[in-house]
Amino acid sequence: MNTGLQLYNTLSRKKELFQPLNPPNVGMYVCGPTVYSDVHLGNCRTFISFDLIFRYLKYLGYKVRYVRNITDAGHLEGDRDEGDDKFAKRAKLEQLEPMEIVQKYTLGFHDVLRMFNTQPPSIEPTATGHIIEQIEMIKVIIANGYGYEVDGNIYFDVEKYSKEYNYTILTNRNLEDMLNNTRELGGQDDKRGRLDFALWIKAKPETLMQWQSPWGMGFPGWHIECSAMSAKYLGAEFDIHGGGMDLAATHHTNEIAQSEACSHKQPARYWMHTNMLTVNGTRMSKSAGNGFLPLELFTGDHPLLKKGYSPMTVKFFMLQAHYRSTLDFSNDALDASEKGFRRLMAAIGLLDKLPVSEQNDFDIDALKEKCIAAMNDDFNSPILVAELFEAVRIINTVYDGKGKISADALEKLKQLINDFVFDILGLRDEDAGGNDLNGVLEMVINLRTEAKANKDYATSDRIRIGLQALGIQLKDGKEGTTWSKA
């Protein structure tokens, strides 16, 4: 099954023809969020990008099993097994149980992705739901000679592994340079080597999230969950592994090492990574003070934003950059995307009003081939968007009476728009269904009123914030609640 799809493989550092292991089946694993705080835009870009990839693979006729995990345990503040547990620290801060934190931010994560109109993965496994699988994998790694125990902690022996496998195959870094750039082991550190990492961490008596294991009470290291869950649901070898580029150097490098140490097989044939976000040319980060959350972007409630932008405007903005390129946020760039998105939707709204003719001035088949060629070139969404504006030109030309289109060509154009705008890019017309909006909003407002009456203020606030993110402003008054478009 040769579809002509070329994708960039981080492993080989070049574009390759996509050849799945067992066509038409495709296995794809994407590292999901660590649910101890609100999902950030960098995460959203990654998941929107892999949603695009998921959608296009299905368009090509592949049967895709898309696995995206939820990290709900085992992620310490430092990637090298240092610092406090992220969940315990947040739980203490918010005076909640760790699993309450997990539930709160998992729900928030799903809410945001629904606003972006992404499709759910085929399977969404959690780290805490797969403790047994992680323990069993660690046992095999130890039995194969690549893991060792020190006082209830299990570490991966990178030096031993590196004698037989290429530990830096994903990043092409020099192992000696990595060793030189890694701090010396302190007297309290019980690892044998500076690059060794934890597979299992001994729990302190006060640790809330801990499980029984052959090595005592503890919890898994961050990296082992993805190796265990990808193997369980996709096999020891599968097609695509994805995530943000920040995961390649440590997390994905260690995933490969764990998987090969266990099965002696390279887990994924193709490794794909999304690039980072910048704001006005500076890397987006919390520490730089220039990071904003999706809801802040939707509402405009941030000092760097002059107004809010709808979820589809933001998604359209992201899709206008290739997933491997840096994406720079600015008010001007978002304004331009907003105008472009509205122009695209306005043209699509004219499709059913176009007059048909015996004459036809447009080659829709050729336009479709260009759209496919764009996506077959490593999922090049900006080129696809450019081609779709040729469809906008055709629609406006016919509507203005300056060109003619046959009934057959119009049906092809409608199908092209449906396939590429809605099914593949995953966009939706936020102003569609206006006649039904009053009824839907009345029902939602009634649900919020009931929640307030029951003193369920969390649900009430969630409805208000969710509607605000969709561009609907609620106003409470003596006569009840009214709404308006923000």
Distance-only polar pair, side chains of D51 and Y66, donor-acceptor under 3.5 Å: no
Taking D151 first and then K202, would you say they form a salt bridge - that is, a charged N and a carboxylate O separated by under 4.0 Å? yes
Taking atom types as modelled, find out whether N166 and T168 have a side-chain donor-acceptor pair closer than 3.5 angstrom. yes
Whether the E225 and T71 side chains hold a donor-acceptor pair (N or O, under 3.5 Å, no angle test) is what I'd like checked. yes
Any sub-3.5 Å donor-acceptor pair from E124's side-chain atoms to P120's backbone N or O? no
Does a side chain donor of either Y146 or E260 reach within less than 3.5 Å of an acceptor in the other side chain? no
D239 side chain to Y29 side chain, donor-acceptor N/O pair below 3.5 angstrom: no
Residues two or more places apart in sequence or in another chain: which of them pass salt bridge (charged side-chain N to carboxylate O under 4.0 Å, His left out) with R342? E338
Answer yes or no: is there an ion pair linking K306 with D335, defined by an N-O contact shorter than 4.0 Å? yes
Atom CD1 of I135 and atom CG of L199: how far apart are they, to the nearest 0.5 Å? 12.0 Å
Under 3.5 Å side-chain donor-acceptor pair for S325 and N275: no
Examine the side chains of Y8 and H273 and answer whether a donor and an acceptor come within less than 3.5 Å of each other. no
Holding to salt bridge (charged side-chain N to carboxylate O under 4.0 Å, His left out), I want the full list of residues that pass it with K232, two or more places apart in sequence or in another chain. E133
Using a distance-only test with no angle check, is there a side-chain donor-acceptor pair under 3.5 angstrom linking S330 and N280? no
Between Q119 and K58, do the side chains contain a donor N or O and an acceptor N or O under 3.5 Å apart? yes
Side-chain heavy atoms of Y323 within contact of S381, under 4.5 Å: no
Run the salt-bridge test on E94 and R90 with the 4.0 Å N-O cut-off and return the result as yes or no. yes
Can a donor-acceptor pair be found, under 3.5 Å and without considering hydrogens, that links the side chain of R192 to the backbone of E159? no
Scan side-chain atoms only and decide if D456 and T459 contain a donor-acceptor pair under the 3.5 Å cut-off. yes
